[in-house]
S.K.: 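Below you will find the structure I want to go over with you.
Each chain gets a letter, A, B and so on, in the order the sequences are listed, and its residues count up from 1. Values reported hereafter were calculated over all heavy atoms of this structure, with side chains retained and with hydrogens, waters and symmetry mates removed. Since this is a predicted model, take the numbers as computed values, not measurements.
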Amino acid sequence: MSTKTLYDKLWDSHVVRQEADGTALIYIDRQLVHEVTSPQAFEGLKLAKRKPWRIASMLAVPDHNVPTANRAAGITDPISRLQVETLDANCTEYGITEFKMGDIRQGVVHVMGPEQGATLPGMTVVCGDSHTSTHGAFAALAHGIGTSEVEHVMATQCLVAKKSKSMLVKVDGKLHKGVTAKDIALAVIGKIGTAGGTGYAIEFGGEAIRALSMEGRMTLCNMAIEAGARAGMIAADDVTFTYLKGRPYAPQGAQWDQAVTYWRTLHSDADAKFDATIVLDAAQIKPQVTWGTSPEMVVDIDGYVPDPAKLSDAGKRGDMERALSYMGLQANTAITDIKIDKVFIGSCTNGRIEDMRAAATVAKGKKVAANVMLAMVVPGSGLVKLQAEQEGLDKIFIAAGFEWRDPGCSMCLAMNDDRLSAGERCASTSNRNFEGRQGQGGRTHLVSPEMAAAAAIAGHFIDVSKL
Amino acid sequence: MKKFTLLDGLVAPLDRANVDTDAIIPKQFLKSIKRSGFGPNAFDEWRYLDHGEPGMDNSKRPLNPEFVLNQARYQGAQILLARENFGCGSSREHAPWALEDFGFCVIIAPSYADIFFNNCFKNGVLPIKLDADKVDALFKAVVAAPGYKLQIDLERQRITSPDGTVYAFDVDGHRKHCLLNGLDDIGLTLEHVSDIKSYEAKHLAAQPWL
């Protein structure tokens, strides 16, 4: 019998039909929907007089446009409001379950789905959002799709796809204290580049990955897309099952046992072959900080802003010079000498309860530095917010001078009112440091929640593993 | 989707790597619930000197003279020449919608991000992968000759330059068929309804918790 990777198993079990050239129809078990990438899909469906194929497979939530402060006033921007109202109307029309803005379950779609148990091992999961790779943490095949594909899945429950190549990213050994899943993600991207995973589905494995909590695994798979891979995934194990048991959409009773029996097969076989393998030593990974305008522009916290003069390739030198100019940084500056103006803790990458706890541990009993004009904590969902408040984390943040907000995508992409002004420098737990991502002219440094909290307190980047 | 036919188009060079979809169409324009009208805001932050918001009269905004697509010689360009990892980042289909609405039908680059690449085909935009050295040669040729055009023949999978040089390119057979004929994927998939139904019945019986 041939051996299979986890990706092979997930792919093979969802092929509805396959053409001779490899083009396949893949059955989709779960479609998550948010307000930004769905209106045109619903419109297309209506124009063609079609209906969603399997409404029970869909779960919707507004997240990108929602305000994180003063919710009682509703959404003040009329264009944002119309987009959210359009989602509400479409979900009502078709009977799709939606967690609306006032619902405690509302949150960032990639936090909400797993939290509800709506992402299960062995599933195919899609959403019109590139960070859908997050759900691969549950041994699911999950990836982002465009709006045409959103409509396609609504209409047919299938996706037209060709199989990707497979890559194993193996992280051996143990992480040092203060080093997190976020640092693994950034270290991997620093090593293989933002196009290193293009054309691949990445499986993360090894001792350091097995030791991660589900929250950490989601953080890591979330950023597979930043390495160019549409899908990231991790084998299912007891950590996965413990997380899922008892969640609203998870199976119950005898079906739970039946499911777990199947889920235990969702790992790569011992001698499975990958098209590419990357190995990292967890003990060598330090807290990471990005210095540029691409997630691959990243260094260790004890490193320095790189020097374009040392590059021989004119194209790469130009890219680096351009990034440094945008970021307002001088070559050879110590990362720990970079002062920050704002701090954002949240997003589908780092907006879960464990992230809140980690940041609160660093902030406890301290004060946000005088030069930091805004430090905001945005929980990933209403339930994360509630849990954090039950643990008293909100009080720790507020006492330290952080703002404690309502759940949403917020300043990760700044579609609502939370954004950087031109020239402002932000320590951010989000996933993209592209030009203008957090606001036109804004300067983003990607870090872990611990590192962001530590930077808020110090007013500049500081090695949280040495605190 | 409109059919992709033989194209003889003006080429514009965008000489930077890792152009992300946030750059192609910034997030504030994603609030639209429509599929069209994104062209005037394509590359908004690079193209204009002021900050753009939905609803502005873009014809009255100050253009950035430094941005290549604002140069007179590239007006009316239909082919965008780009560098590696074009379209990385977010899955927003608004990116190909904006490029198409701007007037581009073809992109030529050494590599693309997967989701963007896929989204292009759904909107009648042909993303062509060409080796980096060939793309490099095209950049030099475009910059050297105002009015530089390329002929794109999807049927025969070849690009012909003004000096007669021919570059062959690969394209997935299914996607080529859909582009050439202007076919909607959903319609094609729905020809297999019975396959989907029989798969679904077995799948849900085996995993009743789904």
S.K.: Strictly by modelled atom types, are T147(A) and Q40(A) linked by a side-chain donor-acceptor pair under 3.5 Å?
M.R.: no

S.K.: Can you say whether E435(A) sits under 4.5 Å from chain B via the side chain, the backbone, both, or neither, judging by heavy atoms?
M.R.: both

S.K.: Taking only residues at least two apart or on different chains, which pairs with a member in residues 409-419 of chain A satisfy side-chain hydrogen bond (donor to acceptor under 3.5 Å, both in side chains)?
M.R.: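 Listed once each, the pairs are T68(A)-D418(A), R405(A)-D418(A), S410(A)-D418(A), N416(A)-D418(A).
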
S.K.: Using a cut-off of under 4.5 Å for heavy-atom pairs, which of K34(B), R83(B), E45(B) has the most such pairs with chain A?
M.R.: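 Result: the option with the highest number of such pairs is E45(B).
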
S.K.: How many angstroms lie between CG in N70(B) and CZ in F43(B), if you round to the nearest 0.5 Å?
M.R.: 11.0 Å

S.K.: Heavy-atom pairs under 4.5 Å with chain B - which of D29(A), L82(A), T37(A) has more of them than the others?
M.R.: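 Going by pairs under 4.5 Å, I would pick D29(A).
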
S.K.: For E35(A), is it the side chain, the backbone, both or neither that has a heavy atom under 4.5 Å from a heavy atom of chain B?
M.R.: neither

S.K.: Side chain, backbone, both or neither: which part of D184(B) has an atom under 4.5 Å from a heavy atom of chain A?
M.R.: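 D184(B) touches chain A through side-chain heavy atoms alone.
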
S.K.: Where on D77(A) is there a heavy atom nearer than 4.5 Å to chain B: the side chain, the backbone, both, or neither?
M.R.: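 Contact with chain B involves the side chain of D77(A) alone.
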
S.K.: Could you tell me which of G89(B), S198(B), A95(B), A206(B) has the largest number of non-hydrogen atom pairs under 4.5 Å with chain A?
M.R.: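 It is G89(B).
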
S.K.: How would you list, by chain and number, every residue that makes a side chain to side chain contact (heavy atoms under 4.5 Å, CB included) with P78(A), sequence neighbours excluded?
M.R.: R81(A)

S.K.: For chain B, which of A259(A), A195(A), G436(A) has the most heavy-atom pairs under 4.5 Å?
M.R.: A259(A)

S.K.: For Q438(A) and L413(A), indicate whether the former's side chain and the latter's backbone hold a donor-acceptor pair under 3.5 Å.
M.R.: no

S.K.: What option among G228(A), P251(A), G318(A) has the most heavy-atom pairs under 4.5 Å with chain B?
M.R.: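 Sorted descending by pairs with chain B, the first entry is P251(A).
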
S.K.: Chain B heavy atoms under 4.5 Å from V160(A): which part of the residue, side chain, backbone, both or neither?
M.R.: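 The side chain, not the backbone.
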
S.K.: Considering only heavy atoms, which portion of R17(A) lies under 4.5 Å from any heavy atom of chain B: side chain, backbone, both, or neither?
M.R.: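 Side chain only.
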
S.K.: Checking heavy atoms, do the side chain of A17(B), its backbone, both or neither come under 4.5 Å from chain A?
M.R.: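 Both backbone and side chain.
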
S.K.: Could you look at V15(A) and say if it's the side chain, the backbone, both or neither that has a heavy atom under 4.5 Å from chain B?
M.R.: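 Only the backbone of V15(A) comes within 4.5 Å of chain B.
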
S.K.: Report yes if some heavy atom in the side chain of K3(B) is under 4.5 Å from a heavy atom in the side chain of L180(B); otherwise report no.
M.R.: no

S.K.: Applying a heavy-atom distance below 4.5 Å, give me the residues of residues 103-115 of chain B that approach chain A, sorted by number.
M.R.: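 At a heavy-atom separation under 4.5 Å, chain A is reached by Y112(B), D114(B), I115(B).
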
S.K.: Can a donor-acceptor pair be found between the side chains of N118(B) and E149(A) at a distance below 3.5 Å?
M.R.: yes

S.K.: Within the structure provided, determine whether W53(A) and I196(B) are in side-chain contact (heavy-atom separation under 4.5 Å).
M.R.: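 A side-chain contact under 4.5 Å exists here.
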
S.K.: Could you tell me whether K46(A) atom NZ has more than 12 heavy atoms of other residues or ligands within 6.0 Å of it?
M.R.: yes

S.K.: Please report the interatomic distance OG(S130(A)) to CZ(R230(A)), rounded to the nearest 0.5 Å.
M.R.: 10.5 Å

S.K.: Select one option (side chain, backbone, both, neither) describing which atoms of I79(A) are under 4.5 Å from chain B's heavy atoms.
M.R.: both

S.K.: Look at R92(B), E200(B), H203(B), K122(B) and state which one has the largest set of heavy-atom pairs under 4.5 Å with chain A.
M.R.: E200(B)

S.K.: Classify the ring geometry of H14(A) against Y199(B): parallel below 30°, tilted from 30° to 60°, perpendicular beyond 60°.
M.R.: tilted

S.K.: Look at the rings of W209(B) and Y262(A) and say which category their plane angle falls in: under 30° parallel, 30 to 60° tilted, over 60° perpendicular.
M.R.: tilted

S.K.: Does any backbone or side-chain atom of E85(A) lie under 4.5 Å from a heavy atom of chain B? Answer side chain, backbone, both or neither.
M.R.: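 No part of it gets close to chain B.
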
S.K.: So what's closer than 4.5 Å to chain B heavy atoms on R322(A): side chain, backbone, both or neither?
M.R.: side chain

S.K.: List the steps and the verdict of side chain to side chain contact (heavy atoms under 4.5 Å, CB included) for D185(B) and S148(A).
M.R.: CA-CA 9 Å; D185(B) 256 349; S148(A) 293; over 6 Å; no

S.K.: Between W46(B) and N64(B), do the side chains contain an N or O donor and an N or O acceptor separated by less than 3.5 Å?
M.R.: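 On atom types as modelled, these side chains do not qualify, holding no pair under 3.5 Å.
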
S.K.: Is there side-chain contact between Q71(B) and Y74(B), with heavy atoms separated by less than 4.5 Å?
M.R.: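 Side chain of Q71(B) against side chain of Y74(B), heavy atoms only: contact under 4.5 Å found.
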
S.K.: At a heavy-atom separation under 4.5 Å, does L204(B) approach chain A through its side chain, its backbone, both, or neither?
M.R.: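 Just its side chain gets close to chain A.
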
S.K.: Check whether S13(A) gets within reach of chain B through its side chain, its backbone, both or neither, counting any heavy atom under 4.5 Å.
M.R.: backbone

S.K.: Would you please say whether a donor-acceptor pair under 3.5 Å links the side chains of H110(A) and D63(A)?
M.R.: no

S.K.: Check each atom of D195(B) against the heavy atoms of chain A and say whether the ones under 4.5 Å are side chain, backbone, both or neither.
M.R.: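 For D195(B), backbone and side chain are both near chain A.
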
S.K.: Go through the atoms of T86(A) and report whether side chain, backbone, both or neither lie under 4.5 Å from a heavy atom of chain B.
M.R.: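 Side chain of T86(A) only, per the 4.5 Å heavy-atom cut-off to chain B.
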
S.K.: Most heavy-atom pairs under 4.5 angstrom with chain B, which of R50(A), H143(A), E19(A)?
M.R.: R50(A)

S.K.: Side chain, backbone, both or neither: which part of T198(A) has a heavy atom under 4.5 Å from chain B?
M.R.: both

S.K.: Quick one: of H152(A), Q255(A), Q440(A), who has the most non-hydrogen atom pairs under 4.5 Å with chain B?
M.R.: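 When all of H152(A), Q255(A), Q440(A) are compared, Q440(A) has the most.
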
S.K.: Given heavy-atom pairs under 4.5 angstrom as the criterion, report whether the side chain, backbone, both or neither of N119(B) touches chain A.
M.R.: side chain

S.K.: Yes or no on side chain to side chain contact (heavy atoms under 4.5 Å, CB included) for D44(B) and I25(B), after CA distance, side-chain angles and deciding distance?
M.R.: CA-CA 7 Å; D44(B) 198 275; I25(B) 183 79; over 6 Å; no

S.K.: Tell me yes or no: between the side chains of S80(A) and N65(A), is some donor less than 3.5 Å from an acceptor?
M.R.: yes

S.K.: Considering only heavy atoms and a distance below 4.5 Å, find which of A250(A), A414(A), A56(A) pairs most often with chain B.
M.R.: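 The residue among A250(A), A414(A), A56(A) with the greatest pair count is A414(A).
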
S.K.: Does any backbone or side-chain atom of K162(A) lie under 4.5 Å from a heavy atom of chain B? Answer side chain, backbone, both or neither.
M.R.: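 Just the side chain, heavy atoms under 4.5 Å.
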
S.K.: Does anything in residues 128-136 of chain B get under 4.5 Å of chain A by heavy atoms, and if so which residues?
M.R.: none

S.K.: Just how far is it from atom NE2 of H94(B) to atom OG of S91(B), taken to the nearest 0.5 Å?
M.R.: 9.0 Å

S.K.: Pick one of side chain, backbone, both or neither for E151(A), based on which atoms fall under 4.5 Å of a heavy atom in chain B.
M.R.: both

S.K.: Counting only heavy atoms closer than 4.5 Å, note whether H192(B) contacts chain A via side chain, backbone, both or neither.
M.R.: side chain

S.K.: Can you tell which part of P208(B) gets under 4.5 Å to a heavy atom of chain A, answering side chain, backbone, both or neither?
M.R.: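 When you check distances to chain A, atoms from both the backbone and side chain of P208(B) fall under 4.5 Å.
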
